[in-house]
Amino acid sequence: MSPSTPSIDKSSPGTSPKPAASHGSRVPTSGRVERLMRTRLRGAADGTVPECTGTMTTGVWCLDREGRPTALTAASLLDQTLATSLRAAAPELTWMVTTELQLNFLVPPPIDGTVLEAWTRSGFVDQRGGVSFGTLRGPDGTEHIHAVGWFQAVGPSPAGALDHYHSMGALPLGPESNVSLDRLLGMRGQAWSAADDKPANDEGFLRGPDFPVIHEFINRNGTVHGGAITMMVGLAAKAAIPTPENFDLQSLRMVFLRPSTGPIATRARIRHAGRSLYIVDLELFSSPITPGSTTSRASDIDVREDLDKAFESKPTAQAQAVFRPAR
């Protein structure tokens, strides 16, 4: 399950975050994922009607590994803002985790600094959680994503998680932050390349990309940010396609099974391969390695061998991605 916690930032994406208060406060604050994706989070006054609950500034970070614009970058913003509307409708739900996130990608975003807005509302809520709906819109009204998020109430985060979250959020944005999404997330390796003689349909899972350096992406609950996980899975799904430059992500359905607390390994299989659609199933595994360990400084071979152990445990998330021919 992916923790979704109240994180509201009304500061400029390029400035240092304001000091954070205790969990559940409405004092503006920002984590590393929000800052890397240039998002700003707002509160919701009602929660039951559509409200602008956050924004995202576009740029080179909205490019995928093939250099194509992708709205996948907005997964972080939507994961947070869908929870914001649910929390506004039921203020007692201070602590929640995302159990399911569904994204339909309509129009790729610009990468010219345009500010996109997340409009969200709650659909159903009770003492155990609920569901929210949202869209990502451009200034001209263009809808880039339709989103649905399911959330479940949980207990408070472990000691020390907030301190780590705040220290990561205080890191500056430098030239290394003005890069494509795969580089921002530390993506390493891929499932196969177009040169591989791979059958169009695969019965078994094949090893996908790894995301070993995740200590910056730990949220207030001490686990990997659900929006970051969604972006990783979207990139891993496209890496499974023999000719990724010819396809765009159409939809992505995430189911969060257990918390991810360490470096991430993925595996994928092609469910369907055709001229009009590709369907890719994915599983994500989290290594028990402590975030911030020597993994971030190890060689690619050492990292891959270490992450092999993650497949010995149960998956932390499962997903299905659908791709359509590139426009």
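What you see is a predicted model, and the numbers here were worked out from it, not measured in a lab.
In terms of heavy-atom proximity, Ile214 sits nearest to Phe211 at CG2-O, 3.3 Å. When all heavy atoms are compared, the tightest approach of Tyr278 to Ala273 is CE2-CB, 3.4 Å. The two residues Leu252 and Ala319 have their closest heavy-atom pair at CD1-CB, 4.2 Å. When all heavy atoms are compared, the tightest approach of Thr316 to Pro259 is CG2-O, 3.7 Å. Here the closest heavy-atom approach between residue Val115 and residue Pro139 is recorded as O-CD, 3.6 Å. Contact record, Pro109 with Leu116: CB-CD1, 4.0 Å, taken as the closest heavy-atom pair.
Between atom CG of residue Leu72 and atom CG of residue Leu103 there is a gap of 7.5 Å, rounded to the nearest 0.5 Å. In this structure, the separation between CG on Leu63 and CD1 on Ile111 is 4.5 Å, given to the nearest 0.5 Å. The distance from atom CE of Met56 to atom OG1 of Thr114, rounded to the nearest 0.5 Å, is 10.0 Å. In this structure, CD in Glu66 is found 10.0 Å from CG in Asn246, a value given to the nearest 0.5 Å. For the atom pair OG of Ser286 and CZ of Arg258, the computed distance is 8.0 Å after rounding to the nearest 0.5 Å. Atom CG in Asp64 sits 10.5 Å away from atom CD in Glu245 (nearest 0.5 Å).
The backbone N or O of His146 sits nowhere less than 3.5 Å from a side-chain atom of Thr135 that would complete a donor-acceptor pair. Looking at Thr230, its side chain does come within 3.5 Å of a backbone N or O of Gly226 through a donor-acceptor pair. Between the side chain of Ser85 and the backbone N or O of Thr120, at least one donor-acceptor pair lies under 3.5 Å. With hydrogens and angles disregarded, no donor-acceptor distance shorter than 3.5 Å links the side chain of Thr223 to the backbone of Thr261. Between the side chain of Glu100 and the main chain of Phe256, no donor-acceptor pair closer than 3.5 Å is present. A donor-acceptor pair under 3.5 Å is formed between the side chain of Glu51 and the backbone N or O of Gly47. A donor-acceptor pair under 3.5 Å is formed between the side chain of Tyr165 and the backbone N or O of Gly31. Not one N or O on the side chain of Thr48 forms a donor-acceptor pair closer than 3.5 Å with the backbone of Arg121. Looking at Thr81, its side chain never comes within 3.5 Å of a backbone N or O of Ala118 through a donor-acceptor pair.
Counting heavy atoms from C-beta on, the side chains of Leu257 and Gln318 come closer than 4.5 Å. Taking the side chain as every heavy atom from C-beta outward, Val224 and Asn219 never approach each other to under 4.5 Å. For the pair Lys238 and Leu249, the minimum side-chain heavy-atom distance is 4.5 Å or more. By the 4.5 Å heavy-atom criterion applied to side chains, Leu206 and Arg269 are not counted as neighbours. Counting only heavy atoms from C-beta outward, the side chains of Arg87 and Met96 approach each other to under 4.5 Å. In this structure, Met232 and Leu235 have side chains that are not in contact, with every pair of non-hydrogen atoms separated by 4.5 Å or more. Contact of the Pro108 side chain with the His144 side chain is not registered, since no non-hydrogen atoms from C-beta on lie closer than 4.5 Å.
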**Request:** Evaluate side-chain contact (heavy atoms from CB on, under 4.5 Å) for Met231 paired with Leu185, printing each intermediate quantity in order.
**Result:** CA-CA 8 Å; Met231 290 183 277; Leu185 297 176; 3.6 Å; yes
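Salt bridge status for Arg267 with Glu283: present, with a side-chain N to carboxylate O gap under 4.0 Å. For the pair Asp210 and Arg207, the salt-bridge criterion is met [side-chain N within less than 4.0 Å of a carboxylate O].
With sequence neighbours excluded, no residue satisfies ring pair (Phe, Tyr, Trp, His ring centres under 6.0 Å) with Phe124. Qualifying ring pair (Phe, Tyr, Trp, His ring centres under 6.0 Å) partners for Phe217, counting only residues two or more places apart in sequence or in other chains: none.
Under 3.5 Å, the side chains of Trp150 and Gln152 contain no donor-acceptor pair of N or O atoms. Checking Gln80 against Glu34 by side-chain atom types alone, a donor-acceptor pair falls below 3.5 Å. No hydrogens or angles considered: nothing links the side chains of Ser122 and Ser132 as a donor-acceptor pair under 3.5 Å.
None of Leu77, Val107, Leu78, Asn104 except one satisfies the side-chain contact (heavy atoms from CB on, under 4.5 Å) rule with Ile145; the exception is Leu78. For the side chain to side chain donor-acceptor pair (under 3.5 Å) with Glu216, the lone residue among His164, His225, Arg32, Arg35 that qualifies is Arg32.
Atom CZ of Arg324 has more than 12 heavy atoms from other residues, nucleotides or ligands within 6.0 Å.
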Identify each donor-acceptor pair in which a side-chain atom of residues 176-184 lies under 3.5 Å from a protein atom, sequence neighbours left out, and give them as a table.
unit_1 : atom_1 : unit_2 : atom_2 : d
Asn178 : OD1    : Arg38  : NH2    : 2.8
Ser180 : OG     : Asp182 : OD1    : 2.6

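Ring orientation note: the planes of Phe285 and Phe311 are tilted relative to one another, at an angle of 30° to 60°.
Both Leu41 and Val33 are members of a single hydrophobic cluster when ILVMFWY side chains are connected at heavy-atom separations under 4.5 Å.
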